[in-house]
There are 2 protein chains.
Amino acid sequence: MRIGQLAEATGTTTKTLRFYEESGLLPPTERLASGYRDYAEEAVGRVGFIHRGQAAGLTLAQIRQILKIREHGQTPCSHVQGLLGERLRELDAQISELLALRETISQLHEKASKPEPDSCSADQVCRYI
Amino acid sequence: MRIGQLAEATGTTTKTLRFYEESGLLPPTERLASGYRDYAEEAVGRVGFIHRGQAAGLTLAQIRQILKIREHGQTPCSHVQGLLGERLRELDAQISELLALRETISQLHEKASKPEPDSCSADQVCRYI
DNA sequence: ATGAACCTTCCAGTACAGTGGAAGGTCAAG
DNA sequence: CTTGACCTTCCACTGTACTGGAAGGTTCAT
């Protein structure tokens with residue numbers, strides 16, 4: 001399987017796959033006599049794992065860690081659980097921040113819906129912000 | 001007022017203020033004979049506006065737009081209202097995405113709390129992701 | 001006069017996850 | 001034999017909001 005086919009099979013681009021290899025997410029493959037990369041079927045699963053990890057909000061660095069542990073013959077279960085727990089806490093923090101921000105902006109937006117341009121004093125840029 | 005004093009008055013750094021000037025957020029000031037920047041009191045308000053805009057989740061590019069409109073002698077009210085409305089929609093979208101992600105991760109995390117390493121088949125990297 | 005604290009410019013780098021493009025090699029069809 | 005689609009490497013750049021550091025000039029107190 002050449003890189004273009006793997007890209008198509010996994011819904012990504014050849015550029016990205018080479019970038020993943022360079023980043024240590026995909027192991028360097030065999031090469032054909034021509035120098036072309038020649039991927040085994042497994043590569044599809046591996047790229048799929050990377051995408052699922054991203055969909056779970058993990059960074060490529062975290063995904064790389066999991067992959068490394070797995071390559072060392074260990075099962076990365078507890079590590080993955082740790083990462084997921086961490087991600088969960090981050091998400092909760094991020095969500096509350098965004099909810100608070102939403103509140104603030106919603107109020108500003110409401111205020112701005114009753115424009116009184118004359119009350120914009122010259123020394124402020126905008127009375128709504 | 002020199003740049004260090006403005007930085008202290010606004011709770012930022014001289015580096016950041018020079019960066020703001022270069023980015024078109026702060027107008028180039030008068031210079032003293034020494035070449036030092038010499039800020040008027042207004043600059044404090046201007047930097048404050050930039051910070052409030054950021055706190056409202058606007059990007060520097062959006063803040064720059066508002067500032068430009070104001071500099072052209074117009075009151076940026078309706079523009080600001082538009083930006084805030086846009087920001088509100090983005091926030092809502094972002095929040096629902098994060099809530100959905102939180103759901104997914106929470107389930108994965110739960111699953112991973114009952115580890116069954118043996119059921120990790122060799123062809124997957126991790127049964128939880 | 002000398003040292004500290006301040007200022008100047010310019011260049012480069014940070015994190016993140018790629019993307020763009022140039023210059024060239026390979027392969028199959030027509 | 002050539003055309004087009006594919007592949008290779010390498011280098012540089014994207015966007016966001018700064019941050020770090022070098023090399024040098026200024027101001028003020030001692």
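Chain naming here is simple, since letters A, B, ... match the order of the sequence lines and numbering starts at 1 in each.
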Notebook entry, point to check: Does a side-chain N or O from Q62(B) land closer than 4.0 Å to OP1 or OP2 of dA17(D), or not?
Noted result: no
Notebook entry, point to check: Hey, can you pull the residues of residues 17-32 of chain B with a non-hydrogen atom under 4.0 angstrom from DNA chain D?
Noted result: F19(B), Y20(B)
Next item on the list: Report, as yes or no, whether the 6.0 Å neighbourhood of atom CD on Q54(A) holds more than 12 heavy atoms from other residues, nucleotides or ligands.
Entry: yes
Margin query: Using whole Å, what does the distance between atom P of nucleotide dC18(D) and atom CD1 of I63(B) come to?
Written below: 9 Å
Margin query: Rounded to whole Å, how long is the line connecting atom CD1 of I3(A) with atom P of dT26(C)?
Written below: 17 Å
Note to self: I'd like to know if L101(A) and V80(B) are part of one continuous hydrophobic network [Ile/Leu/Val/Met/Phe/Trp/Tyr, side-chain heavy atoms within less than 4.5 Å].
What the structure shows: yes
Margin query: Just to verify, which of K111(A), E103(A), E110(A) counts as forming a side-chain hydrogen bond (donor to acceptor under 3.5 Å, both in side chains) with Q107(A)?
Written below: E103(A)
Checklist line | Gap between atoms NE2 and C1', on H51(A) and dA17(C) respectively (whole Å) | finding: 11 Å
Item checked: Whether over 12 other heavy atoms sit under 6.0 Å from E90(A) CD -> yes
Next item on the list: Please determine if a side-chain N or O atom of S34(B) lies less than 4.0 Å away from the OP1 or OP2 oxygen of dT27(D).
Entry: yes
Checklist line | Atom-to-atom span, CG of D38(B) to P of dC6(C) - whole angstrom | finding: 17 Å
Check: What integer distance in Å separates R2(B):CZ from dT8(C):C1'?
Finding: 13 Å
Notebook entry, point to check: For I95(A), what residues pass the side chain to side chain contact (heavy atoms under 4.5 Å, CB included) criterion, not counting sequence neighbours?
Noted result: L99(A), L98(B), L99(B), R102(B)
Check: When the distance from CE of M1(B) to P of dC7(C) is rounded to whole Å, what number comes out?
Finding: 11 Å
Next item on the list: Please report, rounded to the nearest Å, how far the P atom of dT27(D) is from the CZ atom of R37(B).
Entry: 15 Å
Next item on the list: Between K15(B) and Q5(A), name the one whose nearest nucleotide on DNA chain D is closer to the 5' end.
Entry: Q5(A)
Item checked: L26(B) reachable from F19(B) in the ILVMFWY side-chain graph, under 4.5 Å edges -> yes
Check: Are L83(A) and L60(A) joined in one hydrophobic group, where the rule is that I, L, V, M, F, W and Y side chains link up if heavy atoms are under 4.5 Å apart?
Finding: yes
Item checked: T16(A) vs dT19(C): side-chain N/O to OP1/OP2 distance below 4.0 Å -> yes
Checklist line | Residue-phosphate contact under 4.0 Å: R64(A) side-chain N/O, dA17(C) OP1/OP2 | finding: no
Item checked: d(OH, Y36(B); P, dG24(D)) in whole Å -> 16 Å
